[in-house]
2 protein chains.
Amino acid sequence: MTITQAEENYLKAIFKISEKSDKPALTNAISAVMQTTAASVTDMLKRLAEKDLISYEKYKGVQLTEEGNRLATALIRKHRLWEVFLTEKLGFAWDEVHELAEQLEHVQGNDLVGRLDAFLGHPKFDPHGDPIPDADGRWAYRKQSPLATLQAGDHGVVTGVEDHSSAFLQYLDQLGLGLGAGIELIERFPYDQSVRIRTSDNREMVLSEKVSQNLYIKTG
Amino acid sequence: MTITQAEENYLKAIFKISEKSDKPALTNAISAVMQTTAASVTDMLKRLAEKDLISYEKYKGVQLTEEGNRLATALIRKHRLWEVFLTEKLGFAWDEVHELAEQLEHVQGNDLVGRLDAFLGHPKFDPHGDPIPDADGRWAYRKQSPLATLQAGDHGVVTGVEDHSSAFLQYLDQLGLGLGAGIELIERFPYDQSVRIRTSDNREMVLSEKVSQNLYIKTG
DNA sequence: AAATATTTTTAGGTTTGTCTAAAAATATTT
DNA sequence: AAATATTTTTAGACAAACCTAAAAATATTT
Ligand SMILES: [Mn+2]
Ligand SMILES: [Mn+2]
Ligand SMILES: [Mn+2]
Ligand SMILES: [Mn+2]
């Protein structure tokens, strides 16, 4: 029972949709993530159901089976480990690694992932702050909240992003707000929900509501 | 003008066949390397000719164009750099890396090769002793001869292999004759052309003619 | 409840890369 | 030079992964 790259990518898409709501993933949602037509998705869903990687009821959406979940998790693990490699070892910026990891995640070979993981020192989080599941598919949990939910006086550290776009990541770089940056919320302006913050290196700046919704902070 | 993985692999196969004789690469030779049928090869040759990556005359075989040669060389560069990565950084044995490199060589991205090359310290040879072309497609040259062509009394260092099979590489490991091993040819037995050698750590052993034909030595 | 809108599936087609079987071209032997 | 063998190409088919257009199912509005 061999699995193609396209099939792997669909499994990952379904996984990511299912993360946000435990309802079945719908055809249109999948087609949006995969940038294909709904007709192509239906084609693929039949194949994945045939291989018992999803449970599929016509018109009702799909859910990953045990096996489908296992494969999707393994793929995400590979993707994120490669992203760590590309940033830590090859010196790519955090906004440059996703497309490369999309290709590298499909490379298969005996113990490649395990060796890569060891070489990188068993990282628990990728360059975007996303958790890397371990070899058994277990996820590290870390309590973090959008900056948008913090109160004046709260302080913490940047631990992740919701928006993974290059535009957002580069903007954060420009502001000096990469992962690990220390932040204190000074005030929130009721007019537009923008916030004034102070960084640990004592710079003050104002961030839009949009930024504050896309930036995750671990408080305390 | 985009190029597929299959096309890249055919270009590499044609390159490798053309290395040994400067006559055109024939359909059957390509099908042997690619493990496909002659009919599939003919199909692909038409596509490659259409893209001006080969010059193709029906029934007469093919040759790479400038552009085809450039692409094949770049692919071999990537393949061998990844092989260095897998052995030097991830600790794979030299007989384990080829299949992984066959996949990794197709990963495309801005400056990935350049960064990988720098990370590895601009290696000139891969784990099998094969030269790695530089970014401009220039090959390092190294004078080496099959052990089978040396005379009694000659000594040198193992610098490469003709046979890349896992069986041969593992056998060499077992004998302690990896790349860099020092060797002196003591005598050749006329009966079967086997040879007695002494290693630099002062072990003596007899090698078959087959081994001596597949092992390259740099003398002096 | 009917009408309308949206979502999903089906039907039929395309491209890539493979195959087998048959035909055509080339090479070798007699 | 003919006959035979080998190599290569053509013809026709198939699976994977996509597409567009039309039909069917489901959801929403009136
Ligand atoms: Mn990514
Ligand atoms: Mn990531
Ligand atoms: Mn190799
Ligand atoms: Mn090699």
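Chain naming here is simple, since letters A, B, ... match the order of the sequence lines and numbering starts at 1 in each.
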[X] (side chain) donor-acceptor with [Y] (main chain) under 3.5 angstrom:
X	Y	result
B/Arg142	B/Gly129	yes
B/Arg115	A/Gly91	yes
B/Ser40	B/Thr36	no

With a cut-off of less than 4.0 Å, is there a side-chain N or O of [X] near OP1 or OP2 of [N]?
X	N	value
A/Tyr56	C/dT9	yes
A/Thr37	D/dC18	no
A/Lys58	C/dT10	yes
A/Asn28	C/dT8	yes

Nearest to side-chain heavy atoms of [X], which nucleotide of [options]:
X	options	result
B/Ala38	C/dG17, D/dT8, C/dT7	D/dT8
A/Thr4	D/dA16, C/dT20, D/dC19	D/dA16
A/Thr36	D/dT9, D/dC18, C/dT18	D/dC18
B/Arg47	C/dT26, C/dT16, C/dT10	C/dT16
B/Tyr59	C/dT18, D/dA17, C/dA25	C/dA25
B/Ala39	D/dT26, C/dT20, D/dT8	C/dT20
A/Ser40	D/dT10, C/dT9, D/dC19	D/dC19
A/Met44	C/dT8, D/dC18, D/dT8	D/dC18

Between [atom2] of [N] and [atom1] of [X], the distance in whole Å:
X	N	atom1	atom2	answer
B/Glu7	C/dT16	CD	P	8 Å
B/Leu45	C/dG17	CG	P	13 Å
B/Ile3	C/dT16	CD1	P	13 Å
B/His106	C/dG17	NE2	P	11 Å
A/Glu57	C/dT9	CD	C1'	14 Å
A/Lys51	D/dA15	NZ	P	13 Å
A/Lys46	D/dA17	NZ	P	15 Å
B/Leu48	D/dT9	CG	P	13 Å

Legend entry - Closest-nucleotide ordering on DNA chain D, the 5'-leading residue of A/Tyr10 and B/Gly61: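 Whichever sits nearer the 5' end wins; that is B/Gly61.
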Inset, instruction - Classify the ring geometry between A/Trp82 and B/Phe85 as parallel (under 30°), tilted (30 to 60°) or perpendicular (over 60°). - result: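 Geometry flag for B/Phe85 against A/Trp82: tilted rings.
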Legend entry - A/Lys89 to A/Phe119 six-membered ring, cation-pi geometry met (6.0 Å, 45°): yes
Legend entry - Stem list, DNA chain C (Watson-Crick or G-U pairing under 3.5 Å, at least 3 consecutive pairs): C:1-30 with D:1-30
Inset, instruction - May I ask you to check whether A/Tyr10 and A/Phe15 place their ring centers less than 6.0 Å from one another? - result: no
Inset, instruction - May I ask you to check whether B/His98 and B/His79 show a side-chain donor-acceptor distance below 3.5 Å? - result: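 Indeed, the side chains of B/His98 and B/His79 share at least one donor-acceptor pair under 3.5 Å.
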Legend entry - Pairing of B/Glu50 and B/Arg47 as salt bridge, 4.0 angstrom limit: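 Looking at B/Glu50 and B/Arg47, the cut-off is not met.
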With a non-hydrogen cut-off below 4.0 angstrom, is [X] in contact with a base, only sugar-phosphate, or nothing?
X	answer
A/Ala6	sugar-phosphate
A/Asp43	base
A/Thr42	base

Inset, instruction - Step by step, work out the side-chain hydrogen bond (donor to acceptor under 3.5 Å, both in side chains) result for A/His164 and A/Asp95. - result: CA-CA 8 Å; A/His164 285 61; A/Asp95 66 299; over 6 Å; no
